[in-house]
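My questions will all concern the structure given below.
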Amino acid sequence: MKWTYSIQNKLVASAALFALCVLVLFSNYVDGDHTSNVKKSISTLYEDRLIVEDYILKMTIDVYEIKQALNALDLKDEHSSHQIKTLLSEIDGLNNAYLKTKFTKNEDVKFTALLKTLNEFKSTSNPGVQAKLEITDHALLLLKELSLI
């Protein structure tokens, strides 16, 4: 009769060890899932925030160069007009790359306003250098606000 107690104790012990193994495997799965979520979040942060900051910086540099070219255009420099067109096409390329990222609600509003301002700059057919300088100042303000987001 003692052997039935022995088998019952062994079954209880093996069931407890099996449950412990299942818990360890489940914990390992949850940790792996958590790690992959953290990696994805860091990757998204890099792609959508740091890369975007680089786009904003490049656009800001281009707008400042447009502003300098407008000041030179005031002095009747034909090279400046070509430089402005080149810089505007470079900004368009940056805008297209920027549109592929994920936007926050506030960022979407500011970027839409920036696009509207840049289109206004392109559509004005030489109303005067002063008016275009004011548009570039407004674009720089919007770029600064985008950078702060």
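Please read these numbers as outputs of a predicted model, since none were measured by experiment. These values consider heavy atoms only, across backbone and side chains, with no hydrogens, waters or symmetry-generated copies.
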Atom pair NZ/OG of Lys110 and Ser147 - distance to nearest 0.5 Å: 13.0 Å
Minimum heavy-atom distance Leu94-Lys58, with the two atoms named: CD1-CB, 3.6 Å
I'd like to know if Leu114 and Tyr64 are part of one continuous hydrophobic network [Ile/Leu/Val/Met/Phe/Trp/Tyr, side-chain heavy atoms within less than 4.5 Å]. yes
Report the distance from atom NE2 of His138 to atom OG1 of Thr136, rounding to the nearest 0.5 Å. 11.0 Å
Are side-chain heavy atoms of Tyr98 and Leu146 found at a separation under 4.5 Å? yes
Write down the atom of Ile56, the atom of Leu143, and the distance for their closest heavy-atom approach. CG2-O, 3.6 Å
Minimum heavy-atom separation for Ser89 to Thr86, with atom names? OG-O, 2.7 Å
Answer yes or no: is there a donor N or O on one side and an acceptor on the other, between the side chain of Thr35 and the main chain of Asp31, under 3.5 Å? yes
Can you name the nearest heavy-atom pair linking Val63 to Ala139, along with the distance? CG1-CB, 4.4 Å
Flag, side chain of Ser41 to backbone of Asn37, donor-acceptor distance under 3.5 Å: yes
Taking the side chain from Asn119 and the backbone from Leu115, do they hold a donor-acceptor pair closer than 3.5 Å? yes
Closest non-hydrogen atoms of Leu140 and Lys67, given as atom of the first, atom of the second and distance, are CD1-CD, 4.4 Å
Contact summary for Leu118 and Asn95, nearest pair of heavy atoms: CD1-ND2, 3.5 Å
Treat each ILVMFWY residue as a node, draw an edge where side-chain heavy atoms are under 4.5 Å apart, and state whether Leu142 and Val109 are in one component. no
So, Asp92 and Lys122, do they make that salt bridge, N to O below 4.0 Å? yes
Can you check whether Tyr29 reaches His34 side chain to side chain, under 4.5 Å on heavy atoms? no
Hydrophobic clusters here meaning ILVMFWY residues chained together by side-chain heavy-atom distances under 4.5 Å, can you tell me if Leu141 and Ile61 are in one? no
Is the closest side-chain heavy-atom distance between Asp62 and Leu88 below 4.5 Å? no
In sequence, state the C-alpha distance, the side-chain angles, and the governing distance for Phe121 and Leu70, and then conclude on side-chain contact (heavy atoms from CB on, under 4.5 Å). CA-CA 12 Å; Phe121 182 87; Leu70 283 172; 3.9 Å; yes
